[in-house]
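Read the structure below first, then the notes.
These numbers come from a predicted model, not from an experiment.
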There are 2 protein chains.
Amino acid sequence: MTNKFYSYDLTKSEEDYLKALFQIIIESEVTKVGNNQLAEYLKVSPASANNMIKKLKGKKLVISEKYGKLELTSEGKEIAVWLVRKHRLWETFLYKYMNFSWDEVHEVAEQLEHIRSAKLIDELDRFMDYPQKDPHGDIIPDEKGNYELTPKITLSHLKGGERCRLVAVNDSSVAFLKYVSEIGLALSSEIKVEEVVEFDRSVRISFSDRTETVSRKFADNIFVELL
Amino acid sequence: MTNKFYSYDLTKSEEDYLKALFQIIIESEVTKVGNNQLAEYLKVSPASANNMIKKLKGKKLVISEKYGKLELTSEGKEIAVWLVRKHRLWETFLYKYMNFSWDEVHEVAEQLEHIRSAKLIDELDRFMDYPQKDPHGDIIPDEKGNYELTPKITLSHLKGGERCRLVAVNDSSVAFLKYVSEIGLALSSEIKVEEVVEFDRSVRISFSDRTETVSRKFADNIFVELL
DNA sequence: TAAAAAAGTTAGGCATGACTAACAAGTTTT
DNA sequence: AAAACTTGTTAGTCATGCCTAACTTTTTTA
Ligand SMILES: [Mn+2]
Ligand SMILES: [Mn+2]
Ligand SMILES: [Mn+2]
Ligand SMILES: [Mn+2]
């Protein structure tokens, strides 16, 4: 199955910028992104981001007016979704077949997502029997680029007494994921919010016979579904 | 299993040059390689090769005197063998699990061999139950870098009447491999040499109820084991 | 609304890894 | 041994993608 995106032949960096634009748009629920915001996200200087954006505008993958905010064209977005699909399929493969833990998959998937072979991705998808979600609970876009947005309710939105299920995490860093696991939480964990501490808005939660207090910052990075 | 080669952090290009040096040494059964020979192998200019060799000498992976031929240091060779291991494990994975044909695997493995994760390679090896050979019949070096050389008898060495088994191919190009398959040959095929044509030394062979005449150049690229 | 701050752009550099053109050293040929 | 050829090296250029410093434009705040 040949993929039309292979006519583009973008560099690894160009791909990373497109994907970053897409992720920022999804994560912060906006349609336009500032140049410096993009630079910060990718940990490069504003000048570097500005330079790359010029190239992507030349390839009609990004649009913006001078001194204006950045938008992905529909083609730019399609390529970004395709990269997300590859990233999440690889993470799933590493997790389910290569004995990687959920905090180890992201780093290697960052490399694997740039491998150019539509056939490999299609076959990987088939091999794993078309998984719906990656190890962090994120939806894997299908071969046509269709995808659902991951849920937007975080643990920090709940009030004392409410119950929920952990459906995804909003941070792929090793530090965060290791901490989540150490506490004893995982995808599908059922959590009850005991109390939101007034002083610093940290959250007292209980789950499987255990009680823990987690920070506001932590709770902001846990996506849940109300029960 | 952490791999010591990850302390090197070579670029993709540096890796390709080391691997090329190693392949030339194995294929042409020499210990030293000329700069221009290396350049030709990699399809770059002699100036480019010369430039890269300077860097590899700085990293003590290559040795040579000025205007002299190039040698891999033992460290350079170890890294090259590690790259060959990765390449052949990926080819095997693509062939056995991803429904790639033997002429499709090489191109994608050229990309995958540069993925940095010793754990992924160890797990891939375990997942496939420690395969000994890749889809072209080449030996896969083990995790310690031990490997056997592929057999050096080609079909073109045989005389009329002799019989052999196809054990490997010495060319990974799509054009060659497709032709091999089209004729009806594959790894393990039993071949009888009917006659070596005196005029142009092409070879009349028979196998599984079929008779074909193949060129000298073709016969040079088929490795066999005498029966 | 004028000053200050933030956001975006441009200019000039640097490293990597290609290239061509010119040159130097080594190897054959005559 | 000199000429011719082959091989290796150097110099200068280019594209990519990063940087800092300086500048311009837009937005915020006083
Ligand atoms: Mn990830
Ligand atoms: Mn990436
Ligand atoms: Mn190969
Ligand atoms: Mn390679």
Side-chain angles (χ1 to χ4, degrees), chain A residues 8-21 24-25 28 30-72 76 79-80 83 110-111 113-116, chain B residues 8-21 24-25 28 30-72 76 79-80 83 110-111 113-116:
Chain A
Y8 280 100
D9 217 30
L10 301 175
T11 64
K12 181 183 176 305
S13 284
E14 289 171 328
E15 289 188 342
D16 281 336
Y17 277 87
L18 286 179
K19 201 182 114 189
L21 277 171
I24 293 168
I25 287 166
S28 46
V30 293
T31 53
K32 299 182 175 189
V33 179
N35 178 81
N36 294 7
Q37 189 184 2
L38 175 61
E40 194 184 10
Y41 187 93
L42 284 168
K43 299 188 203 311
V44 297
S45 68
S48 298
N50 191 266
N51 187 58
M52 178 59 84
I53 288 301
K54 276 184 187 162
K55 286 206 305 186
L56 295 175
K57 284 165 84 169
K59 296 187 177 186
K60 305 250 195 275
L61 302 172
V62 171
I63 299 180
S64 79
E65 288 165 22
K66 202 167 182 182
Y67 289 99
K69 299 234 177 293
L70 310 167
E71 279 179 281
L72 282 171
I79 295 171
L83 288 164
E110 279 294 305
Q111 301 175 58
E113 75 189 12
H114 300 290
I115 298 293
R116 284 158 202 286
Chain B
Y8 280 101
D9 217 31
L10 302 174
T11 64
K12 181 183 175 303
S13 284
E14 288 171 327
E15 290 187 342
D16 281 337
Y17 276 87
L18 286 179
K19 202 183 112 188
L21 278 170
I24 294 169
I25 288 166
S28 47
V30 293
T31 54
K32 300 181 176 190
V33 179
N35 178 79
N36 294 7
Q37 189 183 3
L38 176 62
E40 195 183 10
Y41 187 92
L42 285 169
K43 300 189 202 311
V44 297
S45 68
S48 298
N50 192 266
N51 187 58
M52 178 59 85
I53 288 301
K54 276 184 189 163
K55 287 207 305 187
L56 295 175
K57 285 163 85 168
K59 296 187 178 187
K60 305 252 195 276
L61 302 172
V62 170
I63 298 179
S64 80
E65 287 165 25
K66 203 169 182 181
Y67 289 99
K69 300 236 177 289
L70 310 167
E71 279 179 282
L72 282 172
I79 295 172
L83 288 164
E110 279 295 306
Q111 301 175 58
E113 74 190 12
H114 300 291
I115 298 293
R116 286 158 202 286

Separation of [N] [atom2] from [X] [atom1] (nearest whole Å):
X	N	atom1	atom2	result
Glu40(B)	dT7(D)	CD	P	9 Å
Glu71(A)	dG8(C)	CD	P	14 Å
Met52(A)	dG8(C)	CE	C1'	17 Å
Asn35(A)	dT27(D)	CG	P	15 Å
Ile53(A)	dC18(D)	CD1	P	11 Å
Leu38(B)	dT7(D)	CG	C1'	13 Å
Asn50(A)	dC23(D)	CG	P	17 Å
Gln37(B)	dT7(D)	CD	P	9 Å

Does [X] have a side-chain nitrogen or oxygen under 4.0 Å from the phosphate oxygens OP1 or OP2 of [N]?
X	N	result
Asn36(A)	dG8(C)	yes
Ser45(B)	dC19(C)	yes
Lys32(A)	dA7(C)	no
Tyr67(B)	dT6(D)	no
Lys69(A)	dT26(D)	no
Ser13(A)	dC18(D)	yes
Ser48(B)	dC19(C)	yes

Shortest non-hydrogen separation from Ala20(B) to Leu38(B) and the atoms involved
CB-CD1, 3.8 Å

Can you see which heavy atom on Val30(B) is nearest to which on Ile24(B), and at what distance?
CG2-O, 4.3 Å

For Leu70(A), does its backbone N or O pair with a side-chain atom of Asn35(A) as donor and acceptor, under 3.5 Å?
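Flag not set: sc Asn35(A) to bb Leu70(A) has no pair under 3.5 Å.
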
Mapping Thr11(A) and Lys66(A) onto DNA chain D by nearest heavy atom, which one lands closer to the 5' end?
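Going by which nucleotide is closer to the 5' end, it is Thr11(A).
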
Tell me which of Ala47(B) and Val44(A) sits closer to the 5' end of DNA chain D, going by the nucleotide each one is nearest to.
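Upstream on the strand: Ala47(B).
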
Residue among Lys54(B), Lys57(B), Lys59(B), Lys19(B) satisfying salt bridge (charged side-chain N to carboxylate O under 4.0 Å, His left out) with Glu14(B):
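The residue from Lys54(B), Lys57(B), Lys59(B), Lys19(B) that satisfies salt bridge (charged side-chain N to carboxylate O under 4.0 Å, His left out) with Glu14(B) turns out to be Lys59(B).
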
How is Lys12(A) classified with respect to the nucleic acid when contacts are heavy atoms under 4.0 Å: base, sugar-phosphate, or nothing?
nothing

Pick base, sugar-phosphate or nothing for Ala49(B), based on heavy-atom distances below 4.0 Å to the nucleic acid.
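No contact at all - Ala49(B) keeps every heavy atom at 4.0 Å or more from the nucleic acid.
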
Lys54(B) side chain: which of dC18(D), dG8(C), dT10(D) is closest?
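Nearest listed nucleotide: dT10(D).
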
Asp16(B) side chain near His114(B) side chain, heavy-atom distance below 4.5 Å:
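Result yes, sub-4.5 Å side-chain heavy-atom pair found.
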
